[in-house]
Amino acid sequence: MNDVIALDQPAAPAPAQTAHPTPALLLQMAVQQGADLDKLERLMALQERWEATEARKAFDTAFAAFKAEAVRIVKNRSVTAGPLAGKKYAELFSVVNAVTPALSSHGLSSSWQITKDEREWIEVTCTIKHSAGHSESVSMGGPPDIGGAKNPIQARASTVSYLQRYTLKAITG
């Protein structure tokens with residue numbers, strides 16, 4: 001019978017695995033061999049590029065998993081006046097509350113920075129970061145929102161909040 005396995009015969013040896021040395025291993029070997037500073041610096045640069053590539057790949061994998069969750073953002077606020085009266089939109093906290101748990105479950109986080117703060121123009125940048133170190137950003141800008149009965153500080157805060165909401169929506173797709 002050909003389909004009977006003899007237990008007394010040694011198993012075939014596993015095929016030899018070819019190790020692909022990482023830049024960190026090459027750097028360690030170079031240090032042990034007394035490599036000069038120039039060679040060590042080039043190997044360090046190679047290691048940094050390798051780590052950045054690995055972090056980008058981890059980000060891409062995590063972001064794809066985040067997108068597979070099909071996060072639903074609830075439009076929680078009604079417009080009561082103006083040309084958009086009767087329409088609804090999602091306030092910033094609604095967008096943040098919708099995307100943060102899904103981002104976090106994949107090692108991702110979001111943050112904002114005001115990247116331009118001039119009298120007539122405000123720019124906000126939203127960054128999505130992965131725990132492995134890679135990040136991606138999107139920026140949007142606009143003038144202070146002087147509509148309604150806002151004082152100058154409220155006008156600026158309204159624009160910042162608006163830009164935070166839309167940059168987060170833009171970067172998360």
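These values consider heavy atoms only, across backbone and side chains, with no hydrogens, waters or symmetry-generated copies.
Counting only residues at least two apart or on different chains, no salt bridge (charged side-chain N to carboxylate O under 4.0 Å, His left out) pair has a member in residues 95-116. Sorted by first and then second residue, the salt bridge (charged side-chain N to carboxylate O under 4.0 Å, His left out) pairs with a member in residues 91-112 read R77-E91; sequence neighbours excluded.
With hydrogens and angles ignored, the 3.5 Å screen pairs no side-chain donor or acceptor of S158 with any backbone N or O of Q154. Counting only distance, with no hydrogens or angles, the side chain of T159 and the backbone of P143 share a donor-acceptor pair below 3.5 Å. Judged by distance alone, with hydrogens and angles left aside, the side-chain atoms of S161 form no donor-acceptor pair with the main-chain N or O of A157 at under 3.5 Å. In this structure, the side chain of S105 engages the main chain of A102 through a donor-acceptor pair within 3.5 Å. K67 places a side-chain N or O within donor-acceptor distance of the main-chain N or O of T172, the cut-off being under 3.5 Å.
Under a 4.5 Å side-chain heavy-atom criterion applied to ILVMFWY residues, the cluster that includes W121 comprises that residue alone. Hydrophobic cluster membership for Y89: V79, L84 (Ile, Leu, Val, Met, Phe, Trp, Tyr linked by side-chain heavy atoms under 4.5 Å, directly or transitively). By the 4.5 Å side-chain criterion applied to Ile, Leu, Val, Met, Phe, Trp and Tyr, V138 is assigned to a cluster that also includes F59, F63, F66, V71, I73, L92, V95, V96, V99, L103, L108, W112, I114, I122, V124, I128, M140, V160, Y162, L163, Y166, L168, I171.
Nearest approach of P144 to R156, heavy atoms of both residues: CG-NH1, 3.6 Å. Taking every heavy atom of both residues into account, I153 and N151 meet most closely at N-OD1, 2.9 Å.
Scored by the salt bridge (Lys or Arg N to Asp or Glu O under 4.0 Å) test, K150 finds D145 as partners (sequence neighbours excluded). Under the salt bridge (Lys or Arg N to Asp or Glu O under 4.0 Å) criterion, E54 pairs with K57, sequence neighbours left out. A search for salt bridge (Lys or Arg N to Asp or Glu O under 4.0 Å) contacts involving D36 returns nothing, not counting sequence neighbours. With sequence neighbours left out, the side-chain hydrogen bond (donor to acceptor under 3.5 Å, both in side chains) criterion links Q113 to no other residue. For Q164, there are no side-chain hydrogen bond (donor to acceptor under 3.5 Å, both in side chains) partners at least two apart in sequence or on another chain. For R165, there are no salt bridge (Lys or Arg N to Asp or Glu O under 4.0 Å) partners at least two apart in sequence or on another chain. Taking S137 as the reference, T125, T127 meet the side chain to side chain contact (heavy atoms under 4.5 Å, CB included) condition, with sequence neighbours excluded.
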* Would you sort out whether K129 and S111 count as a side-chain contact (heavy atoms from CB on, under 4.5 Å), showing the intermediate values? => CA-CA 8 Å; K129 299 174 190 169; S111 63; 3.7 Å; yes

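We find the CG-CE distance between L43 and M29 to be 10.0 Å, quoted to the nearest 0.5 Å. To the nearest 0.5 Å, atom CG of residue L46 and atom CZ of residue R49 are 5.0 Å apart. The OG1 atom of T61 sits 9.5 Å away from the CZ atom of R56 when rounded to the nearest 0.5 Å. Between the CZ atom in R72 and the NZ atom in K75 there is a gap of 10.5 Å [rounded to 0.5 Å]. A distance of 10.0 Å separates OG in S94 from NZ in K88, rounded to the nearest 0.5 Å.
Within the 4.5 Å cutoff, the side chain of E118 has no heavy atoms near those of the E123 side chain.
Between the side chains of E136 and H130, no donor-acceptor pair is found at a separation under 3.5 Å.
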